[in-house]
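Presented below is the structure to which this report refers.
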There are 2 protein chains.
Amino acid sequence: MTSDRDDGRFSYEGLDRIIHERARLSVLTSLVAHPKGLPFPDLKRLCGLTDGNLSRHLAVLSEAELVSLEKGFSLNRTQTICRMTPTGRRRFIGYLGVLEQVVRDAAVAAERSPEGGVRGLDPATKPA
Amino acid sequence: MTSDRDDGRFSYEGLDRIIHERARLSVLTSLVAHPKGLPFPDLKRLCGLTDGNLSRHLAVLSEAELVSLEKGFSLNRTQTICRMTPTGRRRFIGYLGVLEQVVRDAAVAAERSPEGGVRGLDPATKPA
DNA sequence: CATCATGCTTTGCACCGCAAAGTACCCACC
DNA sequence: GGTGGGTACTTTGCGGTGCAAAGCATGATG
């Protein structure tokens with residue numbers, strides 16, 4: 001059934017641990033959708049994260065140089081603006097390619113076995 | 001910029017922690033591609049996992065009743081056959097829907113900001 | 001001045017992924 | 001029959017991490 005050639009067929013090594021994490025995936029998607037950057041509180045609301053959580057994940061992303069943090073003041077308040085770095089953007093897009101591959105693999109497979117419930121996941125199907 | 005209506009816009013709560021993990025994502029994708037089940041060693045090779053790793057992840061998936069483990073004998077060897085349960089299949093497909101949404105959100109956003117490198121990720125583009 | 005709200009950061013812990021070591025079984029081979 | 005080796009897993013140990021709760025600093029408000 002499975003041949004030697006299939007070794008690692010589904011290993012998906014491109015799923016970078018830094019990126020492949022729900023909260024950080026949220027953050028990065030938010031940031032790629034807002035190329036001019038987002039203030040901490042907006043990001044927090046978009047991602048549905050607590051303060052502490054967002055802070056920690058931003059630290060990780062910043063450490064990995066996937067996002068940059070610009071700390072300043074606005075309306076007499078401290079304000080951190082988060083942006084995606086060019087590196088971050090590149091790596092995120094690479095990651096998305098792998099993610100796309102996962103979805104495609106799974107959709108093809110699920111389609112092939114007839115046990116129903118696969119509507120809208122056929123890779124050739126466009127969403128409504 | 002972001003309105004109240006956007007709260008949680010990118011929170012992706014459907015990214016189930018049990019499923020959203022590289023190794024288990026591998027396992028589930030392998031299993032959905034092999035509806036008749038896979039023996040432990042084949043699964044291990046497909047996913048590029050060590051024995052211990054696969055064992056642990058299977059325990060988690062089995063505990064959550066996303067996969068079933070059938071332990072038996074074949075050719076005088078112990079053999080565990082792993083299958084996806086109907087529940088597992090349903091939940092995995094649900095998860096895939098969310099994953100698809102992530103890819104689509106990100107692709108749209110990345111497309112919209114002009115800084116290049118987005119080839120092949122446009123949601124309207126089919127792979128070659 | 002006290003209180004409350006905002007905008008984060010730090011702490012603490014429980015959980016988890018991973019590799020290495022361990023167990024069980026079977027099969028040669030001498 | 002016993003020893004060595006291979007297959008098929010399971011268990012253990014540990015370093016790392018996500019998360020919530022608590023902490024801290026600043027500014028507005030009564």
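Computed over heavy atoms, backbone and side chain alike; hydrogens, waters and symmetry mates excluded. Every chain is numbered from 1, with letters handed out A, B, ... down the list of sequences.
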Q: Output yes when at least one side-chain N/O atom of B:N53 is less than 4.0 Å from OP1 or OP2 of C:dC18, else no.
A: yes
From CG of A:D42 across to P of C:dT6 the rounded distance in Å is 14 Å
Test your reading of the model: is there a side-chain donor-acceptor pair from A:R83 to the backbone of A:L38, 3.5 Å cut-off?
no
On a heavy-atom basis, the closest approach of A:V103 and B:E100 is CG1-CG, 3.9 Å
Scanning both residues in full, the closest heavy-atom pair of B:S30 with B:L46 reads OG-CB, 4.0 Å
Check: Where do A:T87 and A:E65 land on the side-chain contact (heavy atoms from CB on, under 4.5 Å) test, with the steps shown first?
Finding: CA-CA 7 Å; A:T87 310; A:E65 299 188 336; 5.7 Å; no
| query | Any side-chain N or O of B:K71 under 4.0 Å from OP1/OP2 of C:dC25? | reply | no
Is the phosphate of C:dC8, meaning OP1 or OP2, less than 4.0 Å from a side-chain N or O of A:T80?
-> yes
Rounded to whole Å, CZ of A:R45 lies from P of C:dC8 at a distance of 13 Å
### Short side-chain to backbone donor-acceptor contact, B:T78 and B:F73, under 3.5 Å
no
Give one of base, sugar-phosphate or nothing for B:P39, where a contact means two heavy atoms less than 4.0 Å apart.
-> nothing
When rounded to whole Å, the CZ to P distance for the pair B:R24 and C:dC15 reads 14 Å
So the contacted stretch of DNA chain D, first to last nucleotide with an atom under 4.0 Å from a non-hydrogen atom of chain A, runs from D:dG18 to D:dA28
To the nearest angstrom, the CD-P distance between B:E63 and C:dC15 comes to 13 Å
A:L43 CG to C:dT6 P, in whole Å, measures 18 Å
Assign each of A:R77 and A:R17 the nucleotide of DNA chain D bearing its closest heavy atom; nearer the 5' end lies the nucleotide of A:R17
>> Just to be sure I understand the rule, does A:K44 reach a base, reach only the sugar-phosphate, or reach nothing, if contact means heavy atoms closer than 4.0 Å?
In response: nothing
**Report entry** B:I81 vs B:L69, side-chain contact (heavy atoms from CB on, under 4.5 Å): CA-CA, chis, key distance, verdict
**Finding:** CA-CA 6 Å; B:I81 299 211; B:L69 304 177; over 6 Å; no
Here the residues of residues 55-62 of chain A within 4.0 Å heavy-atom distance, strictly under, of DNA chain C are A:S55, A:R56
In whole angstroms, the gap separating P of C:dT6 from CZ of A:F73 amounts to 18 Å
Counting N and O atoms only, with roles assigned by atom type, does the side chain of A:R89 sit under 3.5 Å from a partner on the main chain of B:A110, one being a donor and the other an acceptor? yes
B:L49 atom CG is separated from C:dA20 atom C1', nearest whole Å, by 16 Å
Item checked: Side-chain donor/acceptor of B:T85 to backbone N/O of B:L66, under 3.5 Å -> yes
Closest to the 5' end of DNA chain C, once A:Q79 and B:T50 are matched to their nearest nucleotides, is A:Q79
(message) Taking B:R17 first and then A:E21, would you say they form a salt bridge - that is, a charged N and a carboxylate O separated by under 4.0 Å?
(response) yes
- prompt: Checking B:T80 side chain against B:K71 main chain: does a donor-acceptor pair fall under 3.5 Å?
  reply: no
To the nearest angstrom, the CG-C1' distance between A:D51 and C:dT9 comes to 10 Å
